[in-house]
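Okay, structure first, notes after.
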Amino acid sequence: MIQIGCIADDFTGASDWASFFAEKGISTILFNGIPEADIKTEDADVAVIALKTRTEPKEEAVKESVEALAWLREQGTKQYYIKYCSTFDCKKDGNIGPVIDAAMDYLGETATVVCPALPVNGRTVRNGCLYVNGVELQNSSMKDHPLTPMWDCRIKELMRQQSSGEVVVMPKEICEKPDVQEWMGEYQRKKKHIYFVPDFYEQEQGKRIVEIFEKFKLLTGGSGVSTFLAEKLEHQEMELIKGQETPAIIIAGSCSVATLGQIAEYLETGKKAYKMSPRKILEGTESVDTIWKVIGKWKEDDILLYSSEDASTVTENQKNENISMLIEQIQAQIAQQFVREGRTRVIVAGGETSGAVTKKLGYDRYYVGGSIAPGVPVLIPVQEPEMRLVLKSGNFGKKDFFIRALEYTRG
Ligand SMILES: Nc1ncnc2c1ncn2[C@@H]1O[C@H](COP(=O)(O)OP(=O)(O)OP(=O)(O)O)[C@@H](O)[C@H]1O
Ligand SMILES: O=C(O)[C@@H](O)C(=O)CO
């Protein structure tokens, strides 16, 4: 029976959320898309369905989210979670509000929590405002995200624009009140939909948040409270997942500052690496074949294949609107070729890049293993249990992330 079922608006967000349960030894399964009716949850205690609703048109995002909730309900799920990005989508017509409203209506709930924080990765909430490493969201390095721009840190304002209900901000002093439930009850009587936004800027506050909201059927947010939800969950012990001996490929399409630092640190080790050239790809002189001619020979080595460049070069390259898609396709095909040759460790940096690679590899459900960095677990495809897959959100992980991922996935 699924104790907590989550729907996430993208894949790396889903694995981020799931990782905190797996880390506590809880059997956790991740589905890429809504599973077919006859798919089993493999006796997992926690299930997460990764959708691609973050950037979809609103109507589709709502429809798919409700379908995913319906599938979870069919499995007898006890509690539900809507996972969105810890750096909230700030578009007026963003999907977070509409999906929360639809989920509340579907589950018959009038109140929920909106808790995007993930303090272990520097994303915090104080007095209803969202910060990235102490900087207000709209002044952070995330502000100019091309798809989900982040131009306002005030959750109340964002939810006012995106949703139908009312936000109630819960500063620390309120959260700590012994009679906080009564305090909340006053608001719940007034409105059809109430979204409580608790302070969460110190890791330990997560514990109190879970105490306050544990009876709610629907919770929403980033991954910050996952670890505290996991602590409270009764569960069966999960078997430890071992590493693999075959060489690994790291594929980096992410051009985030974090990924660029991780590439630099990897290159310093002198390990094998291949840098793709967007210019040659557009000219037609670099392709899967030309790259494979070089890296296909490195049969015994771990390999890094990367296209990542600094922000200004990327902006320049992206004047040709096909370049991202071409890079993603080449990287996905190389991953497929690598796996076809019997190698079983694939590490990917970047949400879009991960989407392209997993689509090509064709797996649709994964057991979730231990974490390499907060929010980045090892994934084991149910259909191919020999494989070890690591999908890193662009900005996650410290400088030594790739080195750690290689060590962690090695048998
Ligand atoms: N040199 C380059 N020039 C132009 N575009 C590139 C280059 N290298 C990679 N890209 C494209 O940039 C995009 C990077 O997005 P991706 O989601 O993979 O990383 P991210 O945005 O850092 O990660 P996340 O979404 O998890 O924060 C991909 O579509 C990728 O193909
Ligand atoms: O919450 C986050 O920051 C991540 O899980 C994410 O959503 C990646 O896209």
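Counting convention: from 1, in listed order, for ligands and their atoms alike. Being a predicted model, the structure only gives us computed values, none of them experimental.
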Short side-chain donor-acceptor distance under 3.5 Å, Gln181 and Lys215: no
Contact partition for Thr353 relative to ligand 1, non-hydrogen atoms under 4.0 Å: both
Throw together a table of side-chain donor-acceptor distances under 3.5 angstrom for residues 354-362, partners on residues two or more places apart or in other chains.
residue, atom, partner, partner atom, Å
Ser354, OG, Gly350, O, 2.7
Thr358, OG1, Ser354, O, 2.8
Thr358, OG1, Gly355, O, 3.2

Glu309/Lys275 salt bridge by N-O under 4.0 Å criterion: yes
Where at least one partner belongs to residues 8-25, residue pairs that pass salt bridge (Lys or Arg N to Asp or Glu O under 4.0 Å), sequence neighbours excluded: Asp9-Arg54, Asp10-Arg54, Lys24-Glu231
Ligand 1 N/O within reach of Ser324 N/O, cut-off under 3.5 Å: yes
More than 12 heavy atoms from other groups under 6.0 Å of CZ on Arg126: no
Within-cut-off N or O pair, Val314 and ligand 1, under 3.5 Å: no
Interatomic distance, Phe338 atom CZ to Ile295 atom CD1 [nearest 0.5 angstrom]: 8.0 Å
Is there any protein N/O under 3.5 Å from an N/O of ligand 2, and what does the full list of such pairs look like?
residue, atom, partner, partner atom, Å
ligand 2, 1 (O), Lys83, NZ, 2.9
ligand 2, 1 (O), Ser86, N, 2.9
ligand 2, 1 (O), Ser86, OG, 3.4
ligand 2, 3 (O), Ser86, OG, 2.6
ligand 2, 3 (O), Arg123, NH1, 3.1
ligand 2, 5 (O), Asp16, OD2, 2.5
ligand 2, 5 (O), Lys83, NZ, 3.0
ligand 2, 7 (O), Arg54, NH2, 2.7
ligand 2, 7 (O), Lys83, NZ, 3.1
ligand 2, 9 (O), Asp10, OD1, 3.4
ligand 2, 9 (O), Asp10, OD2, 2.8
ligand 2, 9 (O), Arg54, NH1, 2.9
ligand 2, 9 (O), Arg54, NH2, 3.4

Cationic tip of Lys83 above Trp17 ring, under 6.0 Å, 45° of axis: no
Close N or O approach (Gly351, ligand 1; < 3.5 Å): yes
Just distance, no hydrogens or angles: give the donor-acceptor pairs under 3.5 Å from side chains in residues 56-70, sequence neighbours left out.
residue, atom, partner, partner atom, Å
Lys63, NZ, Glu67, OE2, 3.3
Ser65, OG, Ala61, O, 2.6

Shortest heavy-atom approach to atom 30 (C) of ligand 1 - which of Ser354, Gly13, Gly253, Ser308: Gly253
More than 12 heavy atoms from other groups under 6.0 Å of NZ on Lys207: no
From the candidates Glu316, Glu352, Glu328, the one that places a heavy atom nearest atom 29 (O) of ligand 1: Glu328
Side chain, backbone, both or neither: the part of Ser307 lying under 4.0 Å from ligand 1 by heavy atom: both
Ligand 1 contact on Gln331 by region, counting heavy-atom pairs under 4.0 Å: neither
